[in-house]
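Heads up, the thing below is written out as C-alpha cells.
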Amino acid sequence: MSVPSEAWIVAAVRTPIGRYGGALAGVRPDDLAAHVIRELAARHPAVDWGTLDDVVLGCANQAGEDNRNIARMAALLGGLPEGVSGVTVNRLCGSGLEAVAVAA
C-alpha cells in the first residue's frame, strides 16, 4: 500500500468557543468533541467511519478528570467503532495546528 504524499482536509466542524467560567464551563471536553464527530458523521453518511485510522484532537490545559486521552473518549462517545484509535495533542495555543500537523 502506498502512502499519500499530501494531506487534505475534506470537512471541518469545530466546537464552540466559550469564556473562562462561562456557559460551557460545566461541559466536558470529550462531550464537546463527540458532538463534532457526530456532526461530521451526519454530514457525510456515505463514509465508512470504521476505516478511519485515527482521531487526532488538539486540546490545551487538560487537568483533573479532563487529563486523559480526550480524542479516544470523544471517538467512542461520538459513535465511532471501537477499533478507531485516538490521540490527544497538547501544545497549549498551538494544539489545533499541531493536531493537523500530526494527522498529516
Side-chain angles (χ1 to χ4, degrees):
M1 182 166 119
S2 66
V3 177
S5 61
E6 296 179 330
W8 296 80
I9 297 173
V10 295
V13 177
R14 66 158 296 128
T15 60
I17 299 173
R19 293 179 3 167
Y20 182 76
L24 297 173
V27 181
R28 292 179 7 175
D30 52 350
D31 287 329
L32 281 174
H35 172 72
V36 167
I37 291 169
R38 284 190 299 272
E39 182 63 24
L40 277 171
R43 289 183 187 183
H44 305 282
V47 172
D48 179 1
W49 294 98
T51 63
L52 188 65
D53 291 328
D54 209 357
V55 172
V56 183
L57 179 72
C59 184
N61 294 327
Q62 297 161 261
E65 183 182 315
D66 297 334
N67 194 17
R68 61 192 180 289
N69 188 350
I70 293 171
R72 173 69 175 147
M73 295 301 299
L76 294 172
L77 291 170
L80 295 181
E82 288 183 20
V84 176
S85 61
V87 62
T88 304
V89 177
N90 184 344
R91 289 270 187 188
L92 297 177
C93 294
S95 298
L97 184 58
E98 179 74 9
V100 171
V102 167

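Computed over heavy atoms, backbone and side chain alike; hydrogens, waters and symmetry mates excluded. Bear in mind that the values here come from a model prediction, so they are computed numbers and not experimental data.
In this structure, the side chain of S85 does not engage the main chain of R72 through any donor-acceptor pair within 3.5 Å.
Residues satisfying the salt bridge (charged side-chain N to carboxylate O under 4.0 Å, His left out) test with R14, not counting sequence neighbours, are none. Every residue two or more places apart in sequence or in another chain that forms a salt bridge (charged side-chain N to carboxylate O under 4.0 Å, His left out) with D31 is listed here: R28.
Within the 4.5 Å cutoff, no side-chain heavy atoms of S95 are placed close to those of T88.
Closest non-hydrogen pair, D30 versus L77, comes out as OD2-CD1, 3.7 Å. When every heavy atom of N90 is checked against every heavy atom of A60, the shortest pair comes out as OD1-CA, 3.7 Å. Shortest non-hydrogen contact noted between R43 and A12 is NH1-O, 3.7 Å. G78 and R38 get closest at one heavy-atom pair: O-CG, 3.3 Å. For the pair A99 and G58, the tightest heavy-atom approach, listed with the atom from each and the gap, is CB-N, 3.6 Å.
The hydrophobic cluster around L52 extends to V13, V36, I37, L40, V47, W49, V55, L80, V84, counting ILVMFWY residues whose side-chain heavy atoms fall within less than 4.5 Å of a member.
The 12-atom threshold is not exceeded at CZ of R91, counting heavy atoms of other residues, nucleotides or ligands nearer than 6.0 Å.
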task: For side-chain contact (heavy atoms from CB on, under 4.5 Å), just list the numbers for N69 and M73, CA-CA rounded to whole Å, side-chain angles, deciding distance to a tenth of an Å, and then say yes or no.
output: CA-CA 6 Å; N69 188 350; M73 295 301 299; 5.7 Å; no
